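Below is one structure, written out as structure tokens, with a few remarks after it.
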Number of protein chains: 2
Amino acid sequence: MTVLKKSEVKRAALVKATINLVNNQGFHAAPMSKIAKMANVSPATIYLYFENKQDMINQVYKEVKAEYVAFAFETFKDDLSVEDGFELVWRRMAKYKLDDIEKGFFLSQCENTPMIDVESRQEGVKNLAPLLDLWDRGIAQDIIKPLSHHLLYAFSIYPLAFLLNAHKRGDFKITNTHLNDAYQAAWASIKK
Amino acid sequence: MTVLKKSEVKRAALVKATINLVNNQGFHAAPMSKIAKMANVSPATIYLYFENKQDMINQVYKEVKAEYVAFAFETFKDDLSVEDGFELVWRRMAKYKLDDIEKGFFLSQCENTPMIDVESRQEGVKNLAPLLDLWDRGIAQDIIKPLSHHLLYAFSIYPLAFLLNAHKRGDFKITNTHLNDAYQAAWASIKK
DNA sequence: AATAAAAGAATAAACATTCATTTTTTATGG
DNA sequence: CCATAAAAAATGAATGTTTATTCTTTTATT
């Protein structure tokens, strides 16, 4: 087990508290004082780790996004077929978000709000490069529709965010069957 | 031309200002004072039309959502085939959001945040009943995959929100070709 | 003993909401 | 059609809280 320096423990608690509060109350109702309290830390301590609230939310977003994509591609190998590669990555993405609903939901929420700075968002998107490469390979091989990355993303990856929200709200329980159906729908929408 | 009572004019200006500010700064950075200024109205006037900020955002959401669905189904007829009916409604939804990007983006933003009250969200969802009926018809006729409404929505309608956001941010311009491609992808994901 | 990390209390600005007046609209009687 | 009084709508300024952030002191680490 890795031993964390004290400071890393506190920082992690702050990140976790931020995600939780933003998820459940919204950014507007997640004051620094509450975040500090939830992380068992003094408000002043936050400013040892983050410049200000905006910097905090940006850092949290970038970290979670990077972790998410790293997880999704962890077991990916270049010699997989496009279809197998896509399925693998898609399922890892789903797994990441379902195994840590809070982080998954946080990412969803960040997709649509002006909460995150433009630069941070762009940096978050950069992480997706391996997926875009995979799609390009698929397009070259005539397996995937020759569409803009935006369209491919919108129809194959983005829908997960909706399902996750419904799941977290309790409107809808994502079962294994649903997950399989969802994967089929994702693939059907982008395959040639 | 319908003549509006003075009050309806002011209320409409407030709604518009709210949508604009929430879209561009986020709920947390849309103070009542700014909303009032943008609507050319005194802050106190807001409270003649809305109970408080939360009530305001809920009302705005419900109104826009109702208008959106009404528009989408305006030209719908029960005697259309499932496929034609779906295409019609899908395209009307896209048209509504593209013709009024601000409202369209506002709706997208509302899908993922705890900004809107649970009850208001549920009321907004109720409007979609005709679409769910259409899907059920399609399922009964073996034209549409027998999936949960949540899945059908996630893959066929929800992706528009992503495209609209990218469009509004300037990352991506939705052309007619894109729109056709998007419709094809939407249909491919839900058709049997 | 020196340095770094953390804390609680203090500060100043921003905020949602209300209050006391003023302006505008509506209704009424000549 | 007008004058005017009552009612409604709208306002700017005030209120009391809440907020992000900083300051000074205390505690922990080196």
Side-chain angles (χ1 to χ4, degrees), chain A residues 2-61 106 109-110 113-117 120, chain B residues 1-61 63 106 109-110 113-117 120:
Chain A
T2 326
V3 177
L4 295 177
K5 283 194 314 191
K6 186 86 173 263
S7 62
E8 285 170 355
V9 171
K10 283 204 191 302
R11 189 178 182 285
L14 281 167
V15 168
K16 190 173 178 185
T18 302
I19 292 171
N20 252 279
L21 273 169
V22 169
N23 277 352
N24 294 301
Q25 323 283 331
F27 187 47
H28 69 285
M32 297 303 243
S33 55
K34 271 194 195 171
I35 292 172
K37 191 165 288 179
M38 184 174 260
N40 279 311
V41 142
S42 155
T45 304
I46 298 181
Y47 294 87
L48 299 176
Y49 296 96
F50 306 97
E51 262 181 53
N52 52 44
K53 195 179 179 186
Q54 187 59 55
D55 175 55
M56 185 177 196
I57 203 90
N58 285 332
Q59 282 200 40
V60 171
Y61 166 74
F106 181 77
Q109 223 190 130
C110 290
T113 55
M115 192 166 82
I116 305 294
D117 281 353
S120 299
Chain B
M1 196 177 100
T2 325
V3 177
L4 296 178
K5 283 195 315 189
K6 185 83 170 269
S7 61
E8 285 171 351
V9 170
K10 283 202 193 299
R11 190 179 182 285
L14 281 167
V15 168
K16 190 174 179 184
T18 302
I19 291 172
N20 253 278
L21 273 169
V22 169
N23 277 353
N24 295 300
Q25 324 283 333
F27 187 46
H28 70 284
M32 296 303 243
S33 54
K34 271 195 196 170
I35 293 172
K37 193 165 285 178
M38 185 175 260
N40 280 310
V41 142
S42 155
T45 304
I46 298 181
Y47 294 86
L48 298 175
Y49 296 96
F50 307 97
E51 261 181 53
N52 51 45
K53 197 179 178 186
Q54 186 59 56
D55 175 54
M56 185 177 195
I57 203 90
N58 285 331
Q59 282 200 40
V60 171
Y61 166 74
E63 278 175 35
F106 180 77
Q109 225 190 125
C110 291
T113 54
M115 190 166 81
I116 305 295
D117 282 352
S120 299

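Quantities reported herein were computed from a predicted structural model and do not represent experimental measurements. Order of the sequence lines sets the chain letters (A, B, ...), proteins ahead of strands, with each chain counted from 1.
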- Query: Starting at CG of B/L14 and ending at C1' of D/dT11, how long is that distance when rounded to a whole Å?
  - Reply: 13 Å

- Task: Would you indicate which nucleotide in D/dT21, C/dT17, D/dT11 comes nearest to any side-chain atom of B/V41?
- Result: D/dT11

- Message: Using whole Å, what does the distance between atom P of nucleotide C/dA16 and atom CD1 of B/I35 come to?
- Response: 7 Å

- Query: Do A/T18 side-chain atoms and A/L14 backbone N/O form a donor-acceptor pair below 3.5 Å?
  - Reply: yes

- Could you say whether A/K53 or B/T45 is positioned toward the 5' end of DNA chain D, judged by the nucleotide with the nearest heavy atom to each? B/T45

- Let me know the distance between NZ of B/K34 and P of C/dC15, rounded to the nearest Å. 7 Å

- Item | Nearest-nucleotide pick for B/S42, side chain only, options being C/dA6, D/dT11, D/dT21 | D/dT11

- Message: Taking the six-membered ring of A/F27 as reference, does the cationic atom of A/K53 (NZ for Lys, CZ for Arg) lie under 6.0 Å from its centre and within 45° of its axis?
- Response: yes

- Note on the structure: Checking D/dT11, D/dT21, C/dC15 against the side chain of B/A44 (C-beta onward), the nearest is D/dT11

- Side chain of A/K10 (C-beta onward), nearest among D/dA9, C/dA6, D/dA20: C/dA6

- Ranking D/dT11, D/dT21, C/dA16 by distance to the side chain of A/Y47, first place goes to D/dT21

- Message: Please check: side-chain N/O of A/Q54 versus main-chain N/O of A/M115, any donor-acceptor pairing under 3.5 Å?
- Response: yes

- Separation of D/dA10 atom C1' from B/R11 atom CZ, nearest Å, is 16 Å

- Nearest whole angstrom, please: distance from the P of C/dC15 to the CZ of B/F27. 13 Å

- Item | Selection from C/dT17, C/dC15, D/dA20 that lies nearest to any side-chain heavy atom of B/P31 | C/dC15

- Considering only D/dA20, C/dT17, D/dT11, which nucleotide approaches the side chain of B/L48 most closely? D/dT11

- Message: Tell me whether A/N52 contacts the main-chain N or O of A/D55 through its side chain, where contact means a donor paired with an acceptor under 3.5 Å.
- Response: yes

- Between B/Y49 (OH) and D/dA9 (P), how many Å, whole number? 7 Å

- Note on the structure: Rounded to whole Å, the CG-P distance (A/D55 to D/dT21) equals 10 Å

- Query: Would you say the side-chain atoms of B/N58 pair up with the backbone N or O of B/D117, donor to acceptor, closer than 3.5 Å?
  - Reply: yes

- Integer-rounded Å distance: C/dA16 C1' and B/K37 NZ: 15 Å

